[in-house]
Protein chains: 2
Amino acid sequence: MEEITNARGYPIGAMSRETGVNIETIRYYERIELMPKPDRTPGGNRQYSHEHLQRLSFIRRSRELGFRIDEIRAMLRMVDQDGVSCGEVHAMTVEHLASVKEKIAQLRKLERALSDMAAECAKGDIPDCPIIETLFRA
Amino acid sequence: MEEITNARGYPIGAMSRETGVNIETIRYYERIELMPKPDRTPGGNRQYSHEHLQRLSFIRRSRELGFRIDEIRAMLRMVDQDGVSCGEVHAMTVEHLASVKEKIAQLRKLERALSDMAAECAKGDIPDCPIIETLFRA
DNA sequence: CCTAGCGTCTGTAGCGACTACAGATGCAAC
DNA sequence: GTTGCATCTGTAGTCGCTACAGACGCTAGG
């Protein structure tokens, strides 16, 4: 419900507001060629189109889902070559899902170890803190 | 069950083998003053004591549990001041535990989102891949 | 037309926690 | 003595940003 739309394009601040991506980060994405170079005003300020906005949103959502920059780059390459090969995207997603599951499993172990440690600790100013002991023990 | 023990101290490679910490990382820890400077052989090679070994193991175990370097630094400071205040260590552990729990919760959401996306995708070379659609949709 | 004041510009350096060299030595066994 | 692995220092790279500094663009009000 903005009136700016595509009359003169979005300046970088609008892009940031719309997508929630930090201004510095948008410029960073341009530098690493994840985002294409936008037009400029006569004075040199960036002017983004609606397509730019969509692409940046895609990137942000993908980042939120934990995809790495080069994975996103690969997905965008597929999008750019008109025929999107769904199989590859699916494979990437499944692979990514597996690594997320693994990370969860690791964190669960960690959670248990930490809560065991915390439970054993008497919490007072006692010499020979059991947490420290645990960490020092071979 | 090594015969090296403390006769002439451990060279850096032995420290690395015993603790599983990369050699480069051990030197890095010395540079950032997380590990104290060890003795040197006449030729200039590092010679570690058993105490060094214990300290490095402590660091590695703490890192495995996801403690940040400055947290480990704080814990070691407490250890170094003879009276270990168990209360503070307990508080750090509990706080850390909370952040691990939160990370797990976030990853769970992510897991669901990814598996939903993967499930919707027909996986064939179909135009309009639903994963891509999802990522592009506002 | 001028000015205030925000938005934006470029370029560079920093973060955390390592990792990866290059090129020069040390050291132990034969 | 020589071979050859281990270790040395110092610096730069990684990932994905973030944080400046110092200069300029742009717009609204007077």
Side-chain angles (χ1 to χ4, degrees), chain A residues 2-4 7-35 37-48 52 56 58-76 96 99 103 106 110, chain B residues 2-4 7-35 37-48 52 56 58-76 96 99 103 106 110:
Chain A
E2 292 262 6
E3 288 300 295
I4 315 168
R8 233 157 266 165
Y10 310 86
I12 199 165
M15 288 285 278
S16 178
R17 253 173 283 120
E18 299 279 320
T19 61
V21 177
N22 194 321
I23 290 180
E24 320 267 31
T25 306
I26 298 173
R27 287 197 281 252
Y28 167 71
Y29 286 159
E30 183 180 330
R31 207 162 58 244
I32 63 169
E33 293 182 294
L34 190 61
M35 283 291 289
K37 287 184 197 297
D39 288 348
R40 299 283 184 140
T41 62
N45 286 15
R46 289 170 179 80
Q47 292 256 266
Y48 292 98
H52 282 108
L56 187 56
F58 179 97
I59 295 168
R60 204 217 56 194
R61 272 189 284 274
S62 304
R63 284 294 298 136
E64 263 175 15
L65 292 174
F67 285 97
R68 271 171 295 125
I69 296 285
D70 54 3
E71 291 176 321
I72 298 172
R73 210 188 286 276
M75 292 198 286
L76 285 170
H96 186 57
S99 86
K103 208 172 278 174
Q106 277 181 356
L110 212 158
Chain B
E2 292 263 5
E3 287 301 294
I4 314 166
R8 234 158 265 165
Y10 310 87
I12 198 164
M15 288 285 278
S16 176
R17 253 175 283 118
E18 298 280 320
T19 61
V21 177
N22 194 321
I23 289 180
E24 319 267 29
T25 306
I26 298 172
R27 287 198 280 254
Y28 167 72
Y29 286 160
E30 183 180 330
R31 207 161 59 245
I32 64 168
E33 295 181 290
L34 190 61
M35 282 292 289
K37 287 183 197 299
D39 288 350
R40 300 284 184 139
T41 62
N45 286 16
R46 288 170 181 80
Q47 291 257 265
Y48 292 97
H52 281 110
L56 187 57
F58 179 97
I59 294 168
R60 204 219 57 195
R61 270 190 285 276
S62 303
R63 284 294 299 135
E64 261 175 17
L65 292 174
F67 285 97
R68 271 170 296 125
I69 297 284
D70 53 4
E71 290 175 321
I72 298 171
R73 211 189 285 277
M75 293 197 286
L76 285 170
H96 186 57
S99 88
K103 208 172 277 175
Q106 277 181 356
L110 213 157

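Given the structure is predicted, the values throughout are model-derived calculations rather than measurements. Every chain is numbered from 1 and lettered A, B, ... according to where its sequence line falls, protein lines coming before strand lines.
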Rounded to whole Å, please give me the gap between [atom1] in [X] and [atom2] in [N].
{"X": "B:Y28", "N": "D:dC8", "atom1": "OH", "atom2": "P", "answer": "18 Å"}
{"X": "A:I72", "N": "D:dC17", "atom1": "CD1", "atom2": "P", "answer": "8 Å"}
{"X": "A:I26", "N": "C:dT10", "atom1": "CD1", "atom2": "P", "answer": "13 Å"}
{"X": "A:E64", "N": "D:dC17", "atom1": "CD", "atom2": "C1'", "answer": "15 Å"}
{"X": "B:I32", "N": "C:dT19", "atom1": "CD1", "atom2": "C1'", "answer": "14 Å"}
{"X": "A:E24", "N": "C:dT12", "atom1": "CD", "atom2": "C1'", "answer": "12 Å"}
{"X": "A:F67", "N": "D:dG16", "atom1": "CZ", "atom2": "C1'", "answer": "17 Å"}
{"X": "A:I59", "N": "D:dG16", "atom1": "CD1", "atom2": "P", "answer": "12 Å"}

Which nucleotide in the list C:dC27, C:dC18, D:dG16 gets nearest to the side chain of A:I69?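 Taking heavy atoms from C-beta onward, the closest nucleotide is D:dG16.
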Out of C:dA17, C:dT8, D:dT7, which has the shortest distance to the side chain of B:R68?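 For B:R68, the side-chain atoms sit closest to C:dA17.
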Is any side-chain nitrogen or oxygen of [X] closer than 4.0 Å to OP1 or OP2 of [N]?
{"X": "A:Y29", "N": "D:dC17", "result": "yes"}
{"X": "B:T41", "N": "C:dC27", "result": "yes"}
{"X": "A:R73", "N": "D:dC15", "result": "no"}
{"X": "A:R60", "N": "D:dG16", "result": "no"}
{"X": "B:T25", "N": "C:dT19", "result": "yes"}
{"X": "A:R46", "N": "C:dC9", "result": "yes"}
{"X": "A:N45", "N": "D:dG25", "result": "no"}

Between A:R27 and A:E24, does any side-chain N to carboxylate O distance fall below 4.0 Å?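 Yes.
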Can you tell if the side chain of B:Y48 reaches within under 4.5 Å of the side chain of B:L56, non-hydrogen atoms only?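 Sidechains of B:L56 and B:Y48: no contact.
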Between A:K37 and A:H52, which heavy-atom pair has the shortest distance, and what is it?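 A:K37 and A:H52 have their closest heavy atoms at O-NE2, 4.2 Å.
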Over all atoms of both residues, closest heavy-atom pair of A:R73 and A:I32: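 Smallest interatomic distance, heavy atoms only, reads NH1-O, 2.8 Å.
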Both B:G44 and A:G44 contact DNA chain D. Which one's nearest nucleotide lies toward the 5' end?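 With B:G44 and A:G44 compared, the 5'-side residue is B:G44.
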Could you tell me whether A:R63 contacts a base, only the sugar-phosphate backbone, or nothing, with contacts defined as non-hydrogen atoms closer than 4.0 Å?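 Sugar-phosphate contact only.
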Judged by each residue's nearest nucleotide on DNA chain C, which is more toward the 5′ side, A:R27 or B:R31?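 Counting from the 5' end, the first nearest nucleotide belongs to A:R27.
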Given A:T41 and A:R46, is the side chain to side chain contact (heavy atoms under 4.5 Å, CB included) satisfied, shown in steps? CA-CA 6 Å; A:T41 62; A:R46 289 170 179 80; over 6 Å; no
